[in-house]
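Beneath this line is the structure, given in structure tokens, with notes to follow.
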Amino acid sequence: MELSPTSTCTGFHHIHPRPTPLSFPLTPRVSTAITSSSGGGGRGSQRSSAAAAAAPTPTPTLVDISCNDPQNGCAVDAQRRHSKPYLARKNAILQVQQSPHLDSALQRFGGVLKVQDLNVILRNFGQQSRWQDLSQLFDWMQQHSKISASSYSSYIKFTGTSLNPAKALEMYNSISDESTKNNVFICNSVLRCLVRNGKFDSSMKLFRKMKHNGLIPDAITYSTLLAGCMKVKDGYSKALDLVQELNYNGLQMDSVMYGTLLVVCASNNRCEEAQSYFNQMKDEGHSPNIYHYSSLLNAYASGGNYKKAEELVQDMKSSGLVPNKVMLTTQLKVYVRGRLFEKSRDLLVELDTLGFAKDEMPYCLLMDGLAKTGCIDEARSVFNEMKEKCVKPGGYSYSIMISSFCRGGLFEEAKELAEEFEAKYDKYDVAISNAILCAYCRAGEMESVMRTMRKMDELAISPDYNTFHILIKYFCKEKLYMLAYQTMEDMHRKGHQPAEELCSSLLFHLGKIKAHSEAFSVYSMLKYSKRTMCKAFHEKILHILIAGKLLKDAYVVVKDNAKFISSAAIKKFAKSFVKLGNINLINDVLKVIHGSGYKIDQRLFQMAVSRYIAQPEKKDLLLQLLQWMRGQGYVVDSSTRNLILKNAHLFGQQFIAEILSKKHMMSKALKSHWMTKG
DNA sequence: GTAGGGTTAG
């Protein structure tokens, strides 16, 4: 049973390549209008080579020429207007960029190239994803001291793009010059690199360190960090902190930051806040683009606020923007979330007419909404409708339907659909794998469960919380309790916290099969997780530990949770411990029990004394016990006293005289009684 | 002469 793939990468990333940016399916006439009014900062158009070529360049710079085709007439004209050294550098740039042997090219042309020329080449390598050459050139620049702050920021940026945040960080840490290390461009590059690679917490930690070391953050710094809040738990409050800090530093939000903030609000169910940021943005003179509108619309979806959504779409149309596929699909989401299934269906028809329903996504939205409202039959018919329309179903629609069937108790149908998926498709990720696993588990298909687990292993799909949960529940159902336990251990190691009821059920069964220490381990997993634990849990594990004679562990449980444990259970524990537990801890146990408000009865004292008599070398402990008893007002009853006297030879006369002093004599008032809560 | 964002599904 291998549930912990050795690979640390997740299968999800293998299966889903980085999505390519969506293009707007708009008519050319409208699209021009949108591009000019989109107000997105114009970053994209600045970087497009078409725009660069079209831009008027009265006095071409080295950068411009290096990007042009040398055969181009314009460039030839430009060449004539420049000095020889200039042309030599321009030529050297091209030679180095185009040379198949970077080493020798640098040897030949390196002397001519200035730092800014090398930076041009560096960025060129980065843009072309020539990572090997990028590193090699950067090393060369370092070795020849032809390096500037720009070299660092570009290099770090591209190292982040090539998904190597550790390398970028290492580079940054290796900078010894303080002013270079505090250069805002370089810092922004490093932070961006961490954020991009999903290391938001690290980026915030580094950010604090940078500020401490003298960085003065600018708007881009905050914008970069804000972007990290989008895919992070509790991103909204983190984003708010950043906004507060940037305002405190006298910086202003721009349309990029507002865009990011709207996404954060939408994914954190902050509908009203999204709206207020949207308005604030407009008040400050930034005109929203289609992304701003879509994000706000998405925020409305979480509240199912379809009236506002419709107003927003109207508002957007009157501002001259045309709803695109994403916008309309998001509007469908609003209707689905608002349970307006008639409107949803109508909109789906409209999407289809516009050619926007060619993939499964809008169908998935509707199916999922229907299924979660209990309308499984309707969901099934949308699924079939989608298949009839030759829309290719994929992992999403299958996982929605399989999970719905499982939830609705239609296990056979779920299993059949899982088999259908396996027969027709070979794209797996953790979500579809979980749905398939769930179906096979509920249908009791052990062979298929095991096969699916092996498949996940082979494809390096990391099991997630749900995977573990499904499997543990299933193994319990099949009475494979040790397997369930091992799976739970694995789950715990991976940082997932199992739910209380699952722990409770497994713990109970482990106790039954006398897997006492395993049961205690389950108890500990729950106890040291952030989850709540029901009070009865402590007593449950206490009985198991007593049965397994794991008395030291039982002692810890009692010590920490006595107030949640019944007096009968405490009594049972005390008896077991004094009888069989570690002799060195007997006094401590008695003190703890007394300290939690229980009176200790004479039979227990007598048992303790018997233990000490059996091991006379522990006579100091006996003495301590008797002294403690005296201090707490307990007395030694006659039978215990007789027991000690009978064994007087083991302890010595003086000892006996001390312990049998008058204060220890039995008083009638304290006689009798088993422990009673004080 | 360098650095920032993005909308929809399980």
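Chain identifiers are assigned alphabetically (A, B, ...) following the order of the sequence lines, protein sequences preceding nucleic acid strands; residue numbering begins at 1 within each chain.
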Rounded distance in Å - [atom1] ([X]) to [atom2] ([N]):
{"X": "A:M230", "N": "B:dG6", "atom1": "CE", "atom2": "P", "value": "4 Å"}
{"X": "A:M327", "N": "B:dT7", "atom1": "CE", "atom2": "P", "value": "14 Å"}
{"X": "A:R270", "N": "B:dT7", "atom1": "CZ", "atom2": "P", "value": "20 Å"}
{"X": "A:K157", "N": "B:dT2", "atom1": "NZ", "atom2": "P", "value": "9 Å"}
{"X": "A:L370", "N": "B:dG10", "atom1": "CG", "atom2": "P", "value": "14 Å"}
{"X": "A:K358", "N": "B:dA9", "atom1": "NZ", "atom2": "P", "value": "21 Å"}
{"X": "A:H286", "N": "B:dG5", "atom1": "NE2", "atom2": "C1'", "value": "14 Å"}
{"X": "A:R123", "N": "B:dA3", "atom1": "CZ", "atom2": "C1'", "value": "12 Å"}

[X], nearest nucleotide to its side chain (from [options]):
{"X": "A:T224", "options": "B:dG4, B:dG6, B:dA3", "answer": "B:dG4"}
{"X": "A:C364", "options": "B:dA9, B:dG10, B:dT7", "answer": "B:dA9"}
{"X": "A:N289", "options": "B:dT2, B:dG4, B:dG6", "answer": "B:dG6"}
{"X": "A:D254", "options": "B:dA9, B:dT8, B:dG4", "answer": "B:dG4"}
{"X": "A:K372", "options": "B:dG10, B:dG5, B:dT8", "answer": "B:dG10"}
{"X": "A:R337", "options": "B:dG5, B:dA3, B:dG10", "answer": "B:dG10"}
{"X": "A:S295", "options": "B:dT2, B:dA9, B:dT7", "answer": "B:dT7"}
{"X": "A:T330", "options": "B:dA3, B:dT8, B:dG6", "answer": "B:dT8"}
{"X": "A:A431", "options": "B:dG10, B:dT8, B:dT2", "answer": "B:dG10"}
{"X": "A:V263", "options": "B:dG6, B:dA9, B:dA3", "answer": "B:dG6"}

[X] near the nucleic acid: base, sugar-phosphate alone, or nothing, with a heavy-atom cut-off under 4.0 Å?
{"X": "A:N434", "result": "nothing"}
{"X": "A:M257", "result": "base"}
{"X": "A:L261", "result": "nothing"}
{"X": "A:S403", "result": "nothing"}
{"X": "A:Q331", "result": "nothing"}
{"X": "A:A149", "result": "base"}
{"X": "A:D359", "result": "nothing"}

Applying ring-ring contact (aromatic ring centres under 6.0 Å, His included) to A:F421 and not counting sequence neighbours gives A:Y398, A:Y425, A:Y428
Within less than 4.0 Å of OP1 or OP2 of [N], is there a side-chain N or O belonging to [X]?
{"X": "A:K333", "N": "B:dA9", "result": "yes"}
{"X": "A:R196", "N": "B:dG4", "result": "no"}
{"X": "A:R192", "N": "B:dA3", "result": "no"}
{"X": "A:N298", "N": "B:dT8", "result": "yes"}

Checking only heavy atoms, does the side chain of [X] share a donor-acceptor pair with the base of [N] at less than 3.5 Å?
{"X": "A:S223", "N": "B:dG4", "answer": "yes"}
{"X": "A:S153", "N": "B:dT2", "answer": "yes"}
{"X": "A:S399", "N": "B:dG10", "answer": "yes"}
{"X": "A:Y291", "N": "B:dG6", "answer": "no"}

Using a distance-only test with no angle check, is there a side-chain donor-acceptor pair under 3.5 angstrom linking [X] and [Y]?
{"X": "A:N119", "Y": "A:S148", "value": "yes"}
{"X": "A:Q331", "Y": "A:Y335", "value": "yes"}
{"X": "A:N466", "Y": "A:H469", "value": "no"}
{"X": "A:K181", "Y": "A:N213", "value": "no"}
{"X": "A:D464", "Y": "A:T467", "value": "yes"}

Here the pair of heavy atoms bringing A:C229 nearest to A:F200 is SG-CZ, 3.7 Å
- Query: For A:Y396 and B:dA9, do the ring centres fall under 5.5 Å apart while the planes stay under 30° apart?
  - Reply: yes
Under the side chain to side chain contact (heavy atoms under 4.5 Å, CB included) rule, collect the residues that match up with A:A274, sequence neighbours excluded.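 Side chain to side chain contact (heavy atoms under 4.5 Å, CB included) list for A:A274, sorted by chain: A:L262, A:C265, A:L296, A:A299.
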